[in-house]
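The next block holds one structure in the form of structure tokens; read it before the comments.
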Amino acid sequence: MDASSPVAAAQGASPFSRAVSGAGFFAGVLLVAPHALLTSLPLARAGWSAAGLVAFLWLWGLAMAVSRRGLAFGLTLLGFSPFLFGAQAYVYPGVAFGLLADVAALAFCWRNAGRDAATPGRAGPTGALLAALAALALGSTLLLPWARFWQELSLFGPGGFFAAMAFSPADAPGYALAGAWRLAIFAVLAGELARLDFPDRFGCLIRGLVGGLLTAIVFGLHEHFQGDHYLLHYRFTSLFANPGWFAEYAAVAAPYLLTLLAGSGWRRRGLAALGLALCGAAMVLTLARAGWIAGSLTFFAAGWLYFRENRFVHFRRPYGHLPTLAVAGALVVGIALWGAGRELSAVSRPINALLAQRVDNFTDSPRPALFRSGLLIAAERPVFGMGFASYARHYPVLLATPGAWLNRYGDARAEVFETPHSLYVQLVAGLGVAGLFVWLAMAGRAGWVLWRRARDYASLPDAAMLLSLAAFHIYAFFQEMFYVPAILFLLFIPLARAMALEVRAARQGRAGRADRTGWVGAAATGVALCGILAYGLDIGLGGTAARLGLYDWLPPGDKVVFEGFYPPEQGRGRTFRWSAGDAVLLVPPGTGSLTLSLAAVSPTEATFFSPAGLWATVRLDSRPVTLTLPVPEAGGGRAVPLFLAPARTYLPQAVSGAPDPRRLGLAVGVPGDH
């Protein structure tokens with residue numbers, strides 16, 4: 001038998017390592033399958049378009065699971081798709097992309113299930129570090145209010161609880177639970193992608209990424225200047241809900257355009273040049289200064305490939321093309337000068353004035369204050385953090401709590417954001433210094449594996465993945481990538497490639513090299529176990545709350561706290577908030593009665609529950625209803641949770657194509673809320 005064959009490698013693996021590998025596989029399936037089913041339910045009920053999308057995604061996953069040709073097409077579509085879902089995690093596009101990732105992961109798991117016996121147990125340092133990071137994120141959910149979660153589960157059922165969690169904005173505890181679960185699912189997706197028995201899997205993904213990026217740019221430029229699209233903005237957005245998010249997508253995906261240079265045909269290289277030109281123009285028009293910094297990496301690499309002798313790409317007469325480039329450059333400048341004087345239909349300023357304003361105000365940004373606030377939150381639990389993706393939940397509590405670091409050194413007048421706008425600050429705040437160290441070790445190891453592969457084999461696709469990994473982490477200084485799942489997904493392609501290269505080395509029987517790196521997995525496992533123990537010792541943040549003199553993890557004061565509600569809005573002379581479906585009102589202790597104003601999109605029934613049971617049932621039609629209800633005492637100085645369950649919800653974007661992508665339950669107003 002060939003010593004480098006998978007079967008030989010499997011026979012060389014110990015029974016314990018094979019058992020660990022099998023347990024990890026089934027744990028991954030148990031993470032992904034319920035998430036996929038529970039995501040499908042609220043989307044299928046949201047409207048015909050959403051139900052059609054759910055059906056299409058499941059059929060797409062089935063095709064990848066049972067057909068090799070379907071797998072090739074499905075992987076290309078997976079790479080193509082992120083720009084269609086460019087929105088934050090808790091709205092319709094973000095939740096739909098979560099289902100797409102679920103279905104893809106399940107399809108890969110199905111294809112890999114029969115191959116477990118032929119797979120060695122050692123996954124390599126990158127996979128071990130990614131697993132440790134996912135374990136830390138999931139373990140940090142022990143800091144969430146699980147007592148209240150169990151109450152919500154019993155009242156709303158698994159489907160209602162999950163839907164509210166998936167659509168909860170960033171300041172709700174459910175958002176952190178959804179974020180940790182999503183990170184773990186992406187880790188499963190990357191691991192199973194790495195193990196697929198399909199040699200061209202990364203080639204299919206890259207072709208999809210290139211096609212998706214060019215499609216997004218062409219469509220976006222058309223809509224940007226035409227002026228009749230609801231997403232029209234004076235900054236370039238394409239289909240993304242935010243120009244900065246599109247800039248992230250473009251900067252991280254742009255390196256894959258370089259793979260078009262690998263062919264010797266003029267069509268491929270012409271498409272590469274056109275794609276890079278379009279990508280550069282789009283990134284400039286986003287006016288995202290971080291995008292200019294991170295995106296420039298691709299263009300420096302393109303210049304290096306063109307003018308320097310290298311093993312990746314060979315141009316016969318690179319300097320002989322300078323006259324052509326000069327003419328093209330003059331043409332581009334001329335078009336730019338023509339376009340600079342044009343006024344976009346959404347604003348009354350020409351493009352050149354907008355560019356000049358962004359350049360002049362390059363350092364004018366709220367980010368330094370946000371970075372500081374995130375680090376002050378991390379200071380409460382610096383080693384393992386306050387819980388993954390929990391910045392927005394902790395900010396108002398710690399800002400109002402005497403003795404907290406944020407209260408002492410933060411700025412109460414600063415504008416409030418849902419994220420600290422830096423992936424590294426979010427990691428320190430959520431998973432502490434330990435989590436940041438594991439993340440950097442994972443990214444560094446993956447980068448080293450990709451660099452070595454690109455160098456030794458002159459592999460331009462691997463070089464492009466390395467550049468994408470670097471662009472992601474450069475942009476991560478200025479933006480928090482967990483917030484937009486479609487962009488976070490782009491990180492897991494180079495991670496999966498690095499893991500695949502490590503698995504290949506293990507299958508080829510390189511035991512000596514695996515033994516030299518085995519300590520990485522042991523250290524990562526130790527960090528994860530220590531973190532989970534630390535979270536368990538402070539379960540529900542009980543110890544931290546006691547240290548700060550808090551009965552509940554809520555801002556001190558006499559205001560009602562909304563969990564599972566979107567930010568306040570003004571309408572008909574009053575302030576109200578839309579619930580994301582099932583939600584919770586936390587009423588301060590000692591409140592004898594509560595006056596609420598309720599409204600709904602269409603006639604429905606709203607049911608309120610208190611810890612004692614059914615609290616009230618209200619029928620709503622098209623007119624707002626105001627009612628006053630007594631509030632039971634919770635005792636012990638604790639807030640009283642009142643659980644709100646509307647009979648139906650409404651998702652405007654899925655039903656009518658309206659620009660509102662939120663899941664709307666009830667509009668609730670409380671006097672004194674701002």
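Note that the coordinates shown come from a computational prediction; the quantities given were computed from them, not determined experimentally.
Remark: the backbone N or O of Leu541 is not paired with any side-chain donor or acceptor of Thr544 at under 3.5 angstrom. Remark: the backbone N or O of Val449 is not paired with any side-chain donor or acceptor of Arg452 at under 3.5 angstrom. No donor-acceptor distance shorter than 3.5 angstrom exists from the side chain of Ser468 to the backbone of Met465, with no hydrogens or angles considered. Within the 3.5 Å criterion, the main-chain N or O of Leu375 finds no donor-acceptor partner in the side chain of Trp405. Although no hydrogens or angles enter the test, the distance criterion places no donor-acceptor pair under 3.5 Å between the side chain of Glu248 and the main chain of Gly291. Between the side chain of Asp552 and the backbone N or O of Leu554, no donor-acceptor pair lies under 3.5 Å. In this structure, Arg367 contributes its side chain and Gln479 its backbone to no donor-acceptor pair below 3.5 Å. In this structure, the side chain of Asp171 does not engage the main chain of Ala392 through any donor-acceptor pair within 3.5 Å.
At least one side-chain heavy atom of Phe108 sits under 4.5 Å from a side-chain heavy atom of Leu75. Proximity of Glu418 to Tyr175: side-chain heavy atoms (C-beta onward) are nowhere separated by under 4.5 Å. Glu380 places a side-chain heavy atom less than 4.5 Å from the side chain of Leu548. The shortest side-chain heavy-atom distance between Gln426 and Tyr483 does not fall under the 4.5 Å cut-off. Between Phe167 and Val91 the shortest side-chain heavy-atom distance does not fall below 4.5 Å. Between Ser168 and Leu177 the shortest side-chain heavy-atom distance does not fall below 4.5 Å. Side chains of Met165 and Phe149 form no contact here, defined as non-hydrogen atoms less than 4.5 Å apart. The closest side-chain heavy-atom distance from Phe492 to Leu193 is not below 4.5 Å.
When ring centroids are compared, Trp439 and Phe388 stay outside the 6.0 Å threshold. Note: Phe162 and Trp181 meet the aromatic proximity criterion, with ring centroids under 6.0 Å apart.
Between the CZ atom in Arg393 and the CD1 atom in Ile377 there is a gap of 11.5 Å [rounded to 0.5 Å]. Atom CG of Leu38 sits about 9.5 Å away from atom CG of Asp102, to the nearest 0.5 Å. In this structure, CD1 on Ile293 lies 12.0 Å from CE on Met283, to the nearest 0.5 angstrom. Distance check: Phe482 CZ to Leu491 CG gives 8.5 Å after rounding to the nearest 0.5 Å. Interatomic distance, Leu488 CG to Leu183 CG, rounded to the nearest 0.5 Å: 6.5 Å. Note: Leu213 CG to Cys279 SG = 5.0 Å, rounded to the nearest 0.5 Å.
Both the sub-6.0 Å distance and the 45° axial angle are not jointly satisfied by Arg289 relative to the ring of Trp292.
Ring geometry for Tyr391 against Tyr395 counts as tilted: the plane angle lies between 30° and 60°, on a 0 to 90° scale. Phe186 and Phe97 have perpendicular rings, their planes meeting at more than 60° on a 0 to 90° scale where under 30° would count as parallel. Taking the six-membered ring where the residue is Trp, Tyr249 and Phe246 present tilted rings, their angle falling between 30° and 60°. The aromatic rings of Phe80 and Phe83 sit perpendicular to each other, their planes meeting at more than 60°, with 30° as the lower class boundary. In this pair, Tyr424 and His473 present their aromatic rings tilted. The plane angle is within the 30 to 60° band.
Taking every heavy atom of both residues into account, Ala486 and Pro82 meet most closely at CB-O, 3.5 Å. Contact detail for Ala524 and Ala128: the closest heavy-atom pair is CB-O, 4.0 Å. Across all non-hydrogen atoms, the minimal contact from Phe384 to Ala534 is CD1-CB, 3.7 Å. Pairing each heavy atom of Tyr256 with each of Ile493, the nearest pair is OH-CG2, 3.9 Å. For the residue pair Ile206 and Pro461, the shortest heavy atom distance occurs at CD1-CB, 3.9 Å. Of all non-hydrogen atoms in Asn407 and Leu399, the two that sit nearest each other are ND2-O, 2.9 Å.
For Glu192 and Arg111, the salt-bridge test fails: no basic side-chain N is under 4.0 Å from an acidic carboxylate O. Between Arg148 and Glu563, at least one side-chain N (NZ, or NE/NH1/NH2) sits under 4.0 Å from a carboxylate O, which counts as a salt bridge.
Remark: Phe417 CZ is packed, more than 12 non-hydrogen atoms of other residues, nucleotides or ligands lying under 6.0 Å away. Sparse packing is recorded around CH2 of Trp150, with 12 or fewer heavy atoms of other residues, nucleotides or ligands lying under 6.0 Å away.
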Take Phe472 and Leu423, measure what side-chain contact (heavy atoms from CB on, under 4.5 Å) needs, and give me the verdict at the end.
-> CA-CA 10 Å; Phe472 181 96; Leu423 179 141; 3.9 Å; yes
Test side-chain contact (heavy atoms from CB on, under 4.5 Å) on Val397 and His394 and set out the steps.
-> CA-CA 5 Å; Val397 177; His394 299 319; 5.6 Å; no
side-chain contact (heavy atoms from CB on, under 4.5 Å) evaluation trace for Arg381 with Tyr535 = CA-CA 10 Å; Arg381 299 182 82 254; Tyr535 299 135; 3.8 Å; yes
Arg453 and Asp462: CA distance, side-chain angles, deciding distance, salt bridge (Lys or Arg N to Asp or Glu O under 4.0 Å) verdict = CA-CA 7 Å; Arg453 175 74 178 184; Asp462 289 297; 3.8 Å; yes
Verify side-chain contact (heavy atoms from CB on, under 4.5 Å) between Trp553 and Thr401, making sure each step is shown before the conclusion.
-> CA-CA 10 Å; Trp553 197 255; Thr401 301; over 6 Å; no
